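Positions are given from 1 along the sequence. If you're wondering where the values come from, they're calculated on a predicted model, not measured in any experiment.
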Amino acid sequence: MCIRDSITPEEENHIIPGRDSFYEDPDLKAMGVNQAPVNSDIFNQSWNRGHCAPSHIMSYSDNAKKSCYTMANIAPQWGYFNQQPWEQLESKVASFIAAGNTSFYMITGVPHKDLSLIHI
């Protein structure tokens, strides 16, 4: 899965605060695609649901924020790394965008076992 999006300084300066609950992506579910269960035992203190498209940066609208909490937008991430250096990097990128320096284009995702299926 690959997620491509962009964000402008105006959007980054209009952030909807708070966290949402994770949920299965209804489009993938309708297509019969298996997703990690929302309450999977793999996610705990050691492993977090790491957002591929960062929730803070994508919180400029209700729809964008909600889409960040689908199970299709997560990858298991070591808890300390997710909550410390990665969160700090996301905050610095968000501040850079909000300062009006540039629009930001992101392409995120995790590798698929069959790399021939990946198209950017």
Side-chain angles (χ1 to χ4, degrees):
M1 167 139 309
C2 182
I3 299 162
R4 183 219 167 266
D5 212 331
S6 64
I7 185 166
T8 65
E10 294 78 22
E11 290 168 328
E12 182 56 30
N13 282 306
H14 178 73
I15 293 299
I16 300 165
R19 297 179 57 89
D20 287 359
S21 297
F22 286 94
Y23 64 99
E24 288 186 32
D25 185 303
D27 295 330
L28 293 179
K29 192 173 187 175
M31 293 187 301
V33 175
N34 290 328
Q35 301 171 65
V38 173
N39 296 320
S40 175
D41 290 340
I42 192 172
F43 303 114
N44 52 41
Q45 292 287 7
S46 298
W47 291 97
N48 294 168
R49 293 173 190 91
H51 291 92
C52 293
S55 63
H56 174 82
I57 291 174
M58 297 302 294
S59 292
Y60 58 86
S61 76
D62 288 328
N63 285 339
K65 182 177 179 178
K66 182 175 171 69
S67 70
C68 285
Y69 284 87
T70 67
M71 294 303 287
N73 185 46
I74 63 107
Q77 196 171 49
W78 181 43
Y80 172 80
F81 182 76
N82 187 41
Q83 298 165 24
Q84 298 292 323
W86 194 254
E87 190 279 329
Q88 292 167 11
L89 174 65
E90 287 181 4
S91 291
K92 288 182 187 297
V93 170
S95 295
F96 180 79
I97 296 166
N101 292 308
T102 187
S103 293
F104 184 78
Y105 296 89
M106 72 181 115
I107 299 173
T108 65
V110 295
H112 189 275
K113 63 183 176 186
D114 182 354
L115 297 178
S116 69
L117 297 176
I118 298 175
H119 303 282
I120 297 179

For the residue pair Tyr69 and His51, categorise the inter-ring angle as parallel (less than 30°), tilted (30 to 60°) or perpendicular (more than 60°).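 Rings of Tyr69 and His51: perpendicular, over 60°.
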
For Ser91, check side chain to side chain donor-acceptor pair (under 3.5 Å) against everything at least two apart and list the hits.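 If we apply the side chain to side chain donor-acceptor pair (under 3.5 Å) test to Ser91, skipping adjacent residues, the hits are Glu87.
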
What about Met71 and Ile42, same hydrophobic cluster or not, with Ile/Leu/Val/Met/Phe/Trp/Tyr joined at side-chain heavy-atom distances under 4.5 Å?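 Linked within one cluster.
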
Any link between Tyr60 and Ile97 through a network of hydrophobic side chains (Ile, Leu, Val, Met, Phe, Trp, Tyr) touching at under 4.5 Å?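 In one cluster with Tyr60: Ile97, yes.
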
Please confirm whether the backbone N or O of Val38 pairs with a side-chain atom of Arg49, one donor and one acceptor, at under 3.5 Å?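 Yes, because the side chain of Arg49 sits within donor-acceptor range (under 3.5 Å) of the backbone of Val38.
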
Checking Lys65 side chain against His56 main chain: does a donor-acceptor pair fall under 3.5 Å?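 Flag not set: sc Lys65 to bb His56 has no pair under 3.5 Å.
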
Asn44 atom CG, neighbour heavy-atom count above 12 within 6.0 Å: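 Check passes, neighbour count above 12.
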
Checking Gln83 now: which residues fulfil side chain to side chain contact (heavy atoms under 4.5 Å, CB included) with it, not counting sequence neighbours?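 Side chain to side chain contact (heavy atoms under 4.5 Å, CB included) check on Gln83 returns Asn48.
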
Suppose we screen for side chain to side chain contact (heavy atoms under 4.5 Å, CB included). Which residues come up paired with Asp62, at least two apart in sequence or across chains?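 Per chain and number, Asp62 pairs via side chain to side chain contact (heavy atoms under 4.5 Å, CB included) with Ile16.
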
Tell me, with the steps shown, if Lys66 and Met58 meet side chain to side chain contact (heavy atoms under 4.5 Å, CB included). CA-CA 9 Å; Lys66 182 175 171 69; Met58 297 302 294; over 6 Å; no

Quick one: pull up CD in Glu10 and NE2 in His14 and give me the separation to the nearest 0.5 Å.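 Atom-to-atom, Glu10:CD and His14:NE2 are 12.0 Å apart.
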
Would you check, one step at a time, whether the test side chain to side chain contact (heavy atoms under 4.5 Å, CB included) holds for Phe22 with Ile74? CA-CA 9 Å; Phe22 286 94; Ile74 63 107; 3.4 Å; yes

What pairs of residues pass the side-chain hydrogen bond (donor to acceptor under 3.5 Å, both in side chains) test when at least one of them lies in residues 15-40, not counting sequence neighbours?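 Sorted result for residues 15-40: empty, none.
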
Over all atoms of both residues, closest heavy-atom pair of Cys68 and Ala53: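 Nearest heavy atoms, Cys68 then Ala53: SG-O, 3.6 Å.
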
What heavy-atom pair brings Ile57 and Ala94 nearest, and what distance separates the two atoms?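 Smallest heavy-atom distance, with atoms named: CG1-CB, 4.0 Å.
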
Can you list the residues that meet the ring pair (Phe, Tyr, Trp, His ring centres under 6.0 Å) rule with Phe43, with sequence neighbours excluded?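 Phe43 satisfies ring pair (Phe, Tyr, Trp, His ring centres under 6.0 Å) with no other residue.
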
Checking Trp78 now: which residues fulfil ring pair (Phe, Tyr, Trp, His ring centres under 6.0 Å) with it, not counting sequence neighbours?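 Counting only residues at least two positions away or on another chain, Trp78 forms a ring pair (Phe, Tyr, Trp, His ring centres under 6.0 Å) with Tyr80.
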
